[in-house]
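Below, chains carry the letters A, B, ... as their sequence lines are ordered, and counting in each starts from 1. Here the structure is a predicted model, which means the values were calculated and not measured.
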There are 2 protein chains.
Amino acid sequence: MVFSHDTSIANPPAPDQNGRFSVDVRIVLVTVSEGRLLVAALPSGDGWQLPRGVPLPTMPLDAAARLLLSETTELHEQYLEQLYTLNTNDGEAWFVLISYLALIASGPDLPLTSATWLDTTAEGFGEVDRMVIDYAIVRLRAKLGYTTIAFHLMPERFTLTELQETYETALAMQLDKRNFRRRIIASGMLEPLGEKRRDGSHRPAQLYRFRAGHDPASFLTPQWAGEA
Amino acid sequence: MVFSHDTSIANPPAPDQNGRFSVDVRIVLVTVSEGRLLVAALPSGDGWQLPRGVPLPTMPLDAAARLLLSETTELHEQYLEQLYTLNTNDGEAWFVLISYLALIASGPDLPLTSATWLDTTAEGFGEVDRMVIDYAIVRLRAKLGYTTIAFHLMPERFTLTELQETYETALAMQLDKRNFRRRIIASGMLEPLGEKRRDGSHRPAQLYRFRAGHDPASFLTPQWAGEA
DNA sequence: CCAAAAGTGTTCTCGATACACCCATGT
DNA sequence: ACATGGGTGTATCGAGAACACTTTTGG
């Protein structure tokens, strides 16, 4: 018998040698800036690594991840989502690596503490970090198609062109302006503000914000692949 | 500073008091039989619980899950997939609950050891187990739409009607025979065997098997919702 | 010849795509 | 008046859904 079976949630595994795994939390903190999809990285020897930490067993992992995030960026309005749990080996012991995807709004101010923004395709990450980043990007791209997650990459108020640019950067794909607008409007996720933004010698742009009561289960139509 | 930062995968968290979480593995083992979607359960007090175990830190979690599976069923051809990692609290300490989805082929022989097959909607599970089961079913249904996962619920050789019945049971939804056949055939996931099966006073059915070289990344068209 | 399950095609609708011009403003 | 980015509509195509009859066998 290899397992010590416990009986219920109210009666969890005894704190013996078994079942106590090292847990390592890593965050893929992503933003968009000037047409680039960026990830927060910390220097590590001659390369880079994702922000990471070993949580205390006295706090929930999501709280640990959020704390880690607050050590990485000063900005407090972030989206945080558990990504995937890896299981990795180091000699004898296996440890559990729980990865999170975090998003913060693009903008001229991208406040980091000791981390640096790197292109998401940058060289210099370890093999595992690279996998985690790549998976985070896959997930982000998929979710852009059928959720309103893009909201977290945008400032409070924005124009449709700015929103489209964020999608294009995140998806690494050009989108058709008319189709993009038709779908975004049809999805009902945006609320037009009365105001317009004048920022040059051209027609001013309508400003929008994400609708407060946007149902998080509301779906945008997927499959923008193959458009450009 | 709440986290002890480590530098790389090759230099994992030190085995100190921090970062050692209790880890609990649970398996949602699912099969289909006689039009019912079943889950393997163990008795627990006056109710039921999922097969579970506390893995040793000296083995990968997937191996622990597979071992657990082998304690639950004698059948060895199973599909196993990591589902989701929950983080649950018991008084002071938090523990990490890693859930797996496993599938075994339907058939007259559904060999279990100490477990019992219950309807997936059965009462008597704890709150957490209920969540895990429900999520497993959601994932299974989604994956039936765009992968060849159904393969693991079928015996080696089967007819199109049997395959459709498995889909219908798993999805809890009636499907149109002609549309079903057109899509399954078009997906290329099946290989017709030369033989036919005669099992009654009616036209014999062509036998199929899943194509050996079926690309696991090959996708069936999704979205069968709303068909019936 | 009857019962029972296997097998097969066409039509319609709707969402996804491709595509080009006019509008409002600042200089 | 012209340069700049904002804003709009239509035609085509393909996938998904709805739908009913013929075929083959055993008894």
Sequence neighbours excluded, which residues qualify as ring-ring contact (aromatic ring centres under 6.0 Å, His included) partners of Phe158(B)?
Phe210(B)
According to ring-ring contact (aromatic ring centres under 6.0 Å, His included), who are the partners of Tyr84(B), at least two apart in sequence or on a separate chain?
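By the ring-ring contact (aromatic ring centres under 6.0 Å, His included) rule, Tyr84(B) matches Tyr135(B).
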Expressed in angstrom and rounded to an integer, what is the separation of [X] atom [atom1] from [N] atom [atom2]?
X	N	atom1	atom2	result
Gln164(B)	dA5(C)	CD	C1'	12 Å
Ile184(B)	dG16(D)	CD1	C1'	14 Å
Tyr146(A)	dA16(C)	OH	P	16 Å
Leu171(B)	dA17(D)	CG	P	12 Å
Asp199(B)	dA4(C)	CG	P	14 Å
Glu165(B)	dA6(C)	CD	C1'	12 Å

Tell me, which pairs form a salt bridge (charged side-chain N to carboxylate O under 4.0 Å, His left out) where one or both residues lie in residues 28-47 of chain A, sequence neighbours left out?
Arg36(A)-Asp119(A)
Give a yes/no answer on whether the side chain of Arg183(A) brings an N or O atom under 4.0 Å of OP1 or OP2 in dT17(C).
yes
Quick one: list whatever passes side-chain contact (heavy atoms from CB on, under 4.5 Å) with Thr161(B), sequence neighbours left out.
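Residues passing side-chain contact (heavy atoms from CB on, under 4.5 Å) with Thr161(B): Thr159(B), Glu165(B), Arg181(B).
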Where along nucleotides 6-11 of chain D does protein come under 4.0 Å, by heavy atom, of base (B) or sugar-phosphate alone (S), with - for untouched nucleotides?
BBBBB-
Do Arg130(A) and Asp134(A) meet the salt-bridge criterion of a basic N to acidic O distance under 4.0 Å?
yes
Residue list, side-chain hydrogen bond (donor to acceptor under 3.5 Å, both in side chains) with Glu168(B), at least two apart or on another chain
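With neighbours one apart ignored, the set is Gln164(B).
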